[in-house]
Chemist: 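What follows is a structure written as structure tokens; I'll ask about it next.
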Number of protein chains: 2
Amino acid sequence: MGTPPVETIAGRDTYRHGDLSRALVEAGLELARAGGPNAVALRAATRRAGVSPSAAYRHFADRGELLEAVCSASQARVALAIEDEQALIPDTTDALALARLRFRAVGTGYLHFALAEPGLFQSAFTASTDLESATSAARAGASGRTPFELLTDALDGLVAVGGLSAERRPGAEFLAWSAVHGLAMLLIDGPLRALGRDRAETLIHRVVTMVEQGL
Amino acid sequence: MGTPPVETIAGRDTYRHGDLSRALVEAGLELARAGGPNAVALRAATRRAGVSPSAAYRHFADRGELLEAVCSASQARVALAIEDEQALIPDTTDALALARLRFRAVGTGYLHFALAEPGLFQSAFTASTDLESATSAARAGASGRTPFELLTDALDGLVAVGGLSAERRPGAEFLAWSAVHGLAMLLIDGPLRALGRDRAETLIHRVVTMVEQGL
DNA sequence: GCGGTAATGTTGACGTCGTACACATTGACC
DNA sequence: GGTCAATGTGTACGACGTCAACATTACCGC
């Protein structure tokens, strides 16, 4: 007799959670959105998932591994933002103009995401990542490409239509990335934090133009 | 009778410390050098200063204020690095060439410091700072100018000798800073972390050139 | 169907951190 | 010389990451 213990464990009727790994990453994303990478705490994430702190260790070796998963998920969102920006480009028969617009959209999409979701943006790129992992599937958007790959694609597209000489192509992704990433950091974290939306937009346009001309 | 308590408190014979504020900042700098801004812990700093944790609160409102002081000190070192780089420029009568070299030295000094002292560099610029505080005396080098001011000086110098049109001058500091700061981040923290010294040096040269041409 | 095993979650503990409060010590000034 | 403000100490609390021992359950071969 006696009623069986339904919901004895907060928000859960079974002993097993079911999909804790994903739940922790999603909780981590919320924490990152609100407070950046430093706010991604193991205990806070497990609390949100309705699970005891140690449970996280069945899925992640330590906090760093959870943070890395959150980082990958954040990068995937950056990729989506870039793809969205590229999708706004009107149809054109001018291949060169199109390639240029696609290239610019990488930068503007990147920067608009940084402004719209500073916490996620910081988590995406301040948590340490190396070049190999910058091209891993977990960080890709709808097209299956990571932000870094979307950038190299755009540069290759420029070369294909003569918008960039092949001799200047090698390493160009790092030049472009540096400029755009740096502006993002200054706008979010740094001395340009207090800049108004309009001024920020102007700067974004100028930086992307500088890259286009300076490559 | 009985011997008076000499050195009862670790590394100190008096109850008062004497210069705790400075000692804490210096301890904080060591921590930052070794582990970046996240490693700047109040308790660790007080431990190194041979003082109890609460003592720090007589000089800093909270950890954030200590971190900010460490940040200022780190920026002062960046300024010194830039000044050192500029001091290496050989004498020339060609005013334009000199202005260009002085401008480039800002970028290369900045980036060389980032590579040589990544922990300090991160602490200098990731701990949030706004534009007003980017021009405060605590962050200045030997010349009394902050890194940001050294950059604006170099740009003004370029305009003065015709190396940059006056119409392109406004906001140019942000373009230049973005590119250089972004590369620093990618080299230290980001995907370019594993790059060799030579490749990094090549990239540094190219980014500075891109800025020069793209301004 | 049944029992064992591996996967998954819980409990309790330890050492770290930031911070607050009450208390102790001391230099400096009337 | 006594008082006061400045400075440092001790103790405590809650949050954090992490570990080891234990509990519960899904699944797989019999």
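Letters go in sequence order (proteins before strands), and every chain restarts at 1. Note that this is a predicted model, so its numbers are computed, not measured.
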Chemist: Listed by chain and number, what are the side-chain hydrogen bond (donor to acceptor under 3.5 Å, both in side chains) partners of A:Thr108, not counting sequence neighbours?
Modeler: A:Glu85
Chemist: Taking CG from B:Leu31 and C1' from C:dC17, how many angstroms apart are they, rounded to a whole number?
Modeler: 13 Å
Chemist: Sequence neighbours excluded, which residues qualify as side-chain hydrogen bond (donor to acceptor under 3.5 Å, both in side chains) partners of A:Asp62?
Modeler: none
Chemist: Tabulate below the donor-acceptor pairs under 3.5 Å that side-chain atoms of residues 20-36 of chain A make, not counting sequence neighbours, or state none.
Modeler:
unit_1, atom_1, unit_2, atom_2, d
A:Arg22, NE, A:Asp19, OD2, 3.1
A:Glu30, OE1, A:Arg48, NH1, 2.6
A:Arg33, NE, A:Glu117, OE1, 3.4
A:Arg33, NE, A:Glu117, OE2, 3.3

Chemist: Rounded to the nearest 0.5 Å, what separates atom CD in A:Gln86 from atom CG in A:Leu101?
Modeler: 10.0 Å
Chemist: With a 3.5 Å cut-off and sequence neighbours excluded, list the donor-acceptor pairs that the side chains of residues 176-187 of chain B form with protein atoms.
Modeler:
unit_1, atom_1, unit_2, atom_2, d
B:Trp177, NE1, B:Tyr110, OH, 3.0
B:Ser178, OG, B:Phe174, O, 2.7
B:His181, ND1, B:Tyr110, OH, 2.8

Chemist: Does D:dA6 have its OP1 or OP2 closer than 4.0 Å to a side-chain nitrogen or oxygen of B:His59?
Modeler: no
Chemist: What residues, two or more places apart in sequence or in another chain, satisfy side-chain contact (heavy atoms from CB on, under 4.5 Å) together with A:Ser72?
Modeler: A:Ala138, A:Arg139
Chemist: What residues, two or more places apart in sequence or in another chain, satisfy side-chain contact (heavy atoms from CB on, under 4.5 Å) together with A:Arg168?
Modeler: A:Leu164, A:Ser165, B:Gln213
Chemist: Does anything in residues 177-186 of chain B form a salt bridge (Lys or Arg N to Asp or Glu O under 4.0 Å)? List the pairs, not counting sequence neighbours.
Modeler: none
Chemist: For B:Glu83, which residues count as a side-chain contact (heavy atoms from CB on, under 4.5 Å) partner, sequence neighbours excluded?
Modeler: B:Leu80, B:Ala142, B:Ser143, B:Leu150
Chemist: Is there any protein nitrogen or oxygen under 3.5 Å from a nitrogen or oxygen in nucleotides 16-20 of chain D, and what are the pairs?
Modeler:
unit_1, atom_1, unit_2, atom_2, d
D:dC16, OP1, A:Arg47, NH2, 3.4
D:dC16, OP2, A:Arg47, NH2, 2.1
D:dG17, OP1, A:Leu42, N, 2.7
D:dG17, OP2, A:Leu42, N, 3.0
D:dG17, OP2, A:Arg43, N, 2.8
D:dG17, N7, A:Arg43, NH1, 2.5
D:dG17, O6, A:Arg43, NH1, 2.8
D:dT18, OP2, A:Tyr57, OH, 3.0
D:dT18, OP2, A:Arg63, N, 2.7
D:dT18, O5', A:Tyr57, OH, 3.1
D:dT18, O4, A:Arg43, NH1, 3.4
D:dC19, N4, A:Ser54, OG, 2.7

Chemist: Applying side-chain hydrogen bond (donor to acceptor under 3.5 Å, both in side chains), can you list everything that pairs with A:Arg77, at least two apart in sequence or on another chain?
Modeler: none
Chemist: Would you list the protein and nucleotides 23-27 of chain D atom pairs, both N or O, that sit under 3.5 Å from each other?
Modeler:
unit_1, atom_1, unit_2, atom_2, d
D:dA23, N3, A:Tyr15, OH, 3.1
D:dT25, O2, A:Arg16, NH2, 2.5

Chemist: Using a heavy-atom distance cut-off of less than 4.0 Å, which residues of residues 19-28 of chain A contact DNA chain D?
Modeler: none
Chemist: Would you kindly give the NE2-to-C1' distance between A:His17 and C:dA7, to the nearest whole Å?
Modeler: 16 Å
